[in-house]
Amino acid sequence: MNKKNRLRRTMMFLNAQKPTLLKDPFIYGPDSLIFDLEDAVAPEEKDAARFVLAHALKKVDYHNCEKVVRINGIDTPYWKEDIRCAVFAGCDSIRIPKTESAEGVKEVEAEIIKAEQEAGVELGSTLLMAAIESALGVLNLQEICGASPRLFGVALSAGDYTKDLHTVITGTGVELNGARQQMIITARAMNVQCFDTVYTDLDDMDGLRKETQLIHDMGFDGKSIINPRQIPIVHSVYTPSRKDIIFADKVVKEIDEKRAQGIGVFTVDGKMIDVAFYDGAKRTIALAKAAGVYQEVEND
Ligand SMILES: CC(=O)SCCNC(=O)CCNC(=O)[C@H](O)C(C)(C)COP(=O)(O)OP(=O)(O)OC[C@H]1O[C@@H](n2cnc3c(N)ncnc32)[C@H](O)[C@@H]1OP(=O)(O)O
Ligand SMILES: O=C([O-])CC(=O)C(=O)O
Ligand SMILES: [Mg+2]
């Protein structure tokens, strides 16, 4: 998997102004960290948060975690300075909140290019993702997905999205599933990743598991999260099981062998298999390798 398509089962938000959170969040093992300069930081604290974040990004080794910075919206006075801070300090990606148009993504990209040039950072190395937080954002999703070659994915943001829809997060998904369905279809058609929103009830792990299973089965690549206690649950849903890996290996092997014998359709463990299942099995194996669990099964 390359940098754009890397494993992103969990993208964990943390308040960029809190040194206690910034110093060692990699120990919990999320795939990505989202350092938030937007809604977790009060307006009068934006400068202080940037200062703390820049220091952390320069000094802390975040190991394998992707370093994403959520900047403030492009309708605020803060976002350009957020980008400068993030790029100069060495972030991997920028998350644009409240994205509503391709023009918005292009504006952010232009500012990133300026910062990369000034900072002497490799041009094009800072990736982008867009959070969709309004009905207009959902309607303009296709142009947003195609707005920049840096854009690796889109994420639903339910807090602001439900506000725009004049509803609330109900826990049933009824208010979110229309957007989710449109997002995954568009993201796949445009070849970018797709992420679900945060689950805000930290005491309801059963609810988190059900929601994660739902978005996994819809095709999403992963989920934004807000707390380390949510990581094992999301990873357990997203990491292929031993049974999945063994079956995927068999499917790939059998399709290769049967194809050589001129056989198109056959069964594996009682299930009908043909070439349509090849890419899915390959994806399971790639996911298992990226999650570090493939080797264990292979070595048995
Ligand atoms: C709608 C939106 O815009 S969402 C995006 C913006 N929101 C955020 O960034 C919030 C991120 N999350 C948090 O700040 C916190 O998890 C809170 C405030 C929700 C809850 O905090 P707590 O009650 O302290 O959680 P909890 O008791 O589970 O914390 C356990 C440990 O995990 C740490 N921790 C909690 N959340 C995080 C996090 N997001 N990142 C890193 N570490 C964290 C705590 O510091 C604590 O560490 P310690 O044991 O060394 O003291
Ligand atoms: O991206 C998220 O899930 C968090 C967020 O900003 C929102 O819910 O409005
Ligand atoms: Mg939001």
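Positions are given from 1 along the sequence. Ligands are counted one by one from 1 in listed order, and the atoms in each one are counted from 1 as well. We use all heavy atoms of the structure for the numbers below, so side chains are in, but hydrogens, waters and symmetry mates are not.
- Under the 3.5 Å distance criterion, the side-chain polar atoms of Q193 are matched with a main-chain donor or acceptor of R6.
- Residue contacts with ligand 2: R95 is placed with a nitrogen or oxygen under 3.5 Å of a nitrogen or oxygen of the ligand (distance criterion only).
- Atom numbering of ligand 2 starts at 1 in the shown order; those under 4.0 Å from a heavy atom of G159 are 7 (C), 8 (O), 9 (O).
- Following chains of ILVMFWY side-chain contacts shorter than 4.5 Å, one cannot reach V237 starting from M11, and the two form parts of different hydrophobic clusters.
- Judged by the shortest distance from any of its heavy atoms, R70 lies inside the 4.0 Å radius around the atoms of ligand 1.
- Listed here is the closest heavy atom pair of P97 and G73: CG-N, 3.7 Å.
- In terms of heavy atoms, K223 sits closest to F195 at N-CD2, 4.4 Å.
- Ring centroid separation for the pair Y62 and F35 comes in under the 6.0 Å cut-off.
- No N or O atom of S224 sits closer than 3.5 Å to an N or O atom of ligand 2.
- Between OD2 of D160 and OE1 of E133, the angle at the Mg ion (ligand 3) works out to 80°, rounded to 10 degrees.
- Here's the thing with D39: none of its N/O atoms is less than 3.5 angstrom from an N/O atom of ligand 1.
- When each atom of ligand 2 is checked for a heavy atom of L156 under 4.0 Å away, the hits are 3 (O).
- Considering backbone and side-chain atoms together, F13 places no N or O closer than 3.5 Å to any N or O of ligand 2.
- Salt bridge E66/R95: absent, no basic N to carboxylate O contact under 4.0 Å.
- Near T197, with a cut-off below 4.0 Å to any heavy atom, the atoms of ligand 2 are 2 (C), 3 (O), 8 (O).
- Only the side chain of M12 comes within 4.0 Å of ligand 1, judged by heavy-atom distances.
- For atom 12 (N) of ligand 1, the nearest non-hydrogen atom from the set L14, I226, I225 belongs to I226.
- Distances from ligand 1 to the non-hydrogen atoms of T20 include no value under 4.0 Å.
- Residue-level proximity to ligand 2 for A158 is carried by the backbone, the only part with a heavy atom below 4.0 angstrom.
- With D164 contributing its side chain and A135 its backbone, the two residues share a donor-acceptor pair below 3.5 Å.
- Residues L202 and I233 do not share a hydrophobic cluster, clusters being chains of Ile/Leu/Val/Met/Phe/Trp/Tyr side chains in contact below 4.5 Å.
- Between R8 and D31 no salt bridge is recorded (no basic side-chain N to carboxylate O distance below 4.0 Å).
- Scanning both residues, I94 and A86, for their nearest heavy atoms gives CD1-CB, 3.7 Å.
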Problem set entry | salt bridge (Lys or Arg N to Asp or Glu O under 4.0 Å) assessment of D279 paired with R283 | CA-CA 6 Å; D279 288 355; R283 198 175 316 110; 5.8 Å; no
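- Residues I231 and G29 share a closest heavy-atom pair of CG2-O, 4.2 Å.
- Annotation: atom 25 (O) of ligand 1 to nearest protein heavy atom, N227 ND2, 3.2 Å.
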Exercise. Is there a salt bridge (Lys or Arg N to Asp or Glu O under 4.0 Å) between E118 and K114 once you walk through the steps?
Worked result: CA-CA 6 Å; E118 281 178 42; K114 262 199 246 170; over 6 Å; no
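- Residue R70 touches ligand 2 through its side chain alone, judged by heavy-atom distances below 4.0 Å.
- Contacts of E38 with ligand 2, taken as heavy-atom pairs under 4.0 Å, are absent altogether.
- Using a non-hydrogen distance threshold of 4.0 Å, M11 does not register as a contact of ligand 2.
- Interface atoms of ligand 1 facing D36, defined by a heavy-atom separation under 4.0 Å, are 6 (C).
- Annotation: D160 places an N or O atom under 3.5 Å from an N or O atom of ligand 2; distance criterion only.
- The shortest contact between atom 2 (C) of ligand 2 and any protein heavy atom is with S157 OG, 3.3 Å.
- Considering both main-chain and side-chain atoms, V198 never comes within under 3.5 Å of ligand 1 through any nitrogen or oxygen pair.
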